Amino acid sequence: MTTTTLPTRLRRMFIGLSLLLAVWILWPFAIVPAGHRGVMTTLGRPADVVYNEGIHLRVPVVQTLHLMDVRVARSEGEGDAASKDLQAVRVKVILNYHLDPQAAVQAFQRIAPSTEEVAARIIDPARPEAFKAVTARFTAEELVTRRNEVSEQIAAQLRAKLVRHGLVLDEFSIANFAFSPSFTSAIEAKVNAEQKKLEADRDLLRIQVEAEQHIASARAETEALRLQRQEVTPLLVELRRAENERAAIGKWNGQLPTTAVGATAMPLLTLPSLR
């Protein structure tokens with residue numbers, strides 16, 4: 001009984017798989033998921049129409065729907081270049097790109113049957129070529145101080161190359177510039193020297209300001225003394241003496257001194273008070 005049942009089960013499984021395979025082959029519908037575009041080929045020849053997201057009819061066996069990803073993708077890369085003053089520099093860049101939906105058929109037909117392969121064939125060689133061409137326009141120091149300008153020029157060159165093949169550059173940035181150790185040390189030494197020079201200039205300016213303040217203060221004092229000397233007249237001296245005598249008389253209690261100070265101290269006689 002077992003020998004007759006096993007072939008029957010295998011036969012049924014084979015029939016079921018054959019039916020599934022036939023349904024899959026003869027299935028007249030094709031689906032384009034979100035973030036993709038479809039390229040329909042008839043016996044290997046792509047149609048000129050770009051198929052949007054959704055369900056589409058196809059001729060089984062004869063036609064095949066290929067998917068092209070049009071979502072934003074990320075690409076990183078780095079390479080060696082030389083600056084205008086012949087300093088070796090290693091550049092690392094990051095860019096975001098996507099396939100132009102209207103160029104899906106063109107990219108599929110002329111470059112590769114998937115967006116990843118299209119990017120690999122176009123971006124990978126264009127990226128180092130772009131930053132080698134741009135870094136040669138700037139000195140090593142300018143690559144750091146004018147980083148935004150360098151980034152914009154590299155992005156412009158990449159954008160021009162990518163658009164010819166149906167790719168759109170969304171964002172571009174320079175992740176890092178790496179120079180030789182000797183050049184890095186020279187840059188650090190220059191920066192330190194400039195900082196010390198700025199500190200010395202600030203100290204010199206502070207000393208000059210303080211000296212000018214002292215000179216101005218001395219001039220003010222000298223001018224005040226000069227004005228005082230001009231104002232001292234004989235009449236003013238006599239007036240001040242009279243004021244001092246009047247103040248002394250106002251402080252006298254009416255008693256005469258009992259002794260005199262001199263070479264020979266003699267007691268003074270006490271006179272009776274006059275009524």
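Everything numeric in this text was worked out from a predicted model, so none of it was measured. Residue indices begin at 1 and follow the sequence shown. In what follows, every heavy atom counts, from backbone to side chain, and hydrogens, waters and symmetry copies are set aside.
- Leu65 has its side chain out of reach of Val39: every pair of non-hydrogen atoms, C-beta onward, lies at least 4.5 Å apart.
- When the ring pair (Phe, Tyr, Trp, His ring centres under 6.0 Å) test is applied to Tyr51, the partners found at least two apart in sequence or on another chain are His56.
- With sequence neighbours excluded, the residues forming a side chain to side chain contact (heavy atoms under 4.5 Å, CB included) with Ala73 are Tyr97, listed by chain and number.
- Residues Ile94 and Ala175 approach most closely at CD1-CB, 4.1 Å, considering heavy atoms.
- For the pair Thr145 (side chain) and Glu141 (backbone), a donor-acceptor distance under 3.5 Å is present.
- Proximity of Val70 to Thr115: side-chain heavy atoms (C-beta onward) are nowhere separated by under 4.5 Å.
- In this structure, CG in Asp124 is found 6.0 Å from OG in Ser75, a value given to the nearest 0.5 Å.
- Residue Leu162 holds its CG atom at 11.5 Å from CG of Asp100, rounded to the nearest 0.5 Å.
- In this structure, His36 has no side-chain hydrogen bond (donor to acceptor under 3.5 Å, both in side chains) partners at least two apart in sequence or on a different chain.
- Residues Leu167 and Val105 share a single hydrophobic cluster, defined by chaining ILVMFWY side chains whose heavy atoms lie under 4.5 Å apart.
- Connection of Ile123 to Ile174 is established within a shared hydrophobic cluster, with ILVMFWY side chains joined at heavy-atom distances below 4.5 Å, either directly or through further cluster members.
- Residues Val168 and Val163 have side chains not in contact (no heavy-atom distance under 4.5 Å, counting atoms from C-beta outward).
- Every residue was checked against the side-chain hydrogen bond (donor to acceptor under 3.5 Å, both in side chains) condition with Asn176, not counting sequence neighbours, and none meets it.
- No continuous path of hydrophobic side-chain contacts links Val72 to Leu95 [ILVMFWY only; heavy atoms under 4.5 Å].
- Screening residues 195-215 for ring-ring contact (aromatic ring centres under 6.0 Å, His included) gives no qualifying pairs among residues at least two apart or on separate chains.
- Scanning both residues, Ala130 and Gln157, for their nearest heavy atoms gives CA-OE1, 3.7 Å.
- Put simply, CD1 on Ile111 and CZ on Arg121 are 8.5 Å apart, with the number rounded to the nearest 0.5 Å.
- Both Leu43 and Val59 are assigned to one and the same hydrophobic cluster, defined by single-linkage of ILVMFWY side chains at heavy-atom distances under 4.5 Å.
- For Asp203, the CG atom sits in a packed shell: over 12 heavy atoms of surrounding residues, nucleotides or ligands are nearer than 6.0 Å.
- The shortest distance between side-chain heavy atoms of Leu67 and Pro33 falls below 4.5 Å.
- Annotation for Met40 and Leu57: closest pair CE-O, 3.8 Å, computed over non-hydrogen atoms.
- Applying the salt bridge (Lys or Arg N to Asp or Glu O under 4.0 Å) test to residues at least two apart or on different chains, the pairs with a partner in residues 65-79 are Asp69-Arg71, Arg74-Glu76, Glu78-Arg90.
- At least one side-chain heavy atom of Phe177 sits under 4.5 Å from a side-chain heavy atom of Arg147.
- Of all the heavy atoms in Ala112 and Glu117, the pair that sits closest is CB-CB, 3.3 Å.
- For the pair Ser83 and Thr139, the minimum side-chain heavy-atom distance is 4.5 Å or more.
- In this structure, Thr42 OG1 and Arg58 CZ are separated by 11.0 Å, a value rounded to the nearest 0.5 Å.
- For Gln153, the side-chain hydrogen bond (donor to acceptor under 3.5 Å, both in side chains) partners at least two apart in sequence or on another chain are Arg137.
- A pairwise comparison of heavy atoms in Ala107 and Leu99 identifies CB-CD1, 4.0 Å as the closest pair.
- Contacts classified as ring-ring contact (aromatic ring centres under 6.0 Å, His included) and involving residues 123-149 (residues at least two apart or in different chains) are not found.
- Here the CD atom belonging to Glu142 is positioned 8.5 Å from the CD atom belonging to Glu149, to the nearest 0.5 angstrom.
- A salt bridge (Lys or Arg N to Asp or Glu O under 4.0 Å) check over residues 158-182, counting only residues at least two apart or in different chains, returns the pairs Glu129-Lys161.
- The line from CD of Glu212 to CZ of Arg219 is 9.5 Å long, rounded to the nearest 0.5 Å.
- The backbone N or O of Arg37 sits nowhere less than 3.5 Å from a side-chain atom of Glu53 that would complete a donor-acceptor pair.
- Remark: Leu205 CG is packed, more than 12 non-hydrogen atoms of other residues, nucleotides or ligands lying under 6.0 Å away.
- In this structure His66 satisfies the ring pair (Phe, Tyr, Trp, His ring centres under 6.0 Å) test together with Phe108, sequence neighbours excluded.
- The ring pair (Phe, Tyr, Trp, His ring centres under 6.0 Å) search around Phe172 returns none, not counting sequence neighbours.
- Of all the heavy atoms in Ser151 and Ser173, the pair that sits closest is OG-CA, 4.2 Å.
- Residues forming a side-chain hydrogen bond (donor to acceptor under 3.5 Å, both in side chains) with Gln208 (at least two apart in sequence, or on another chain): none.
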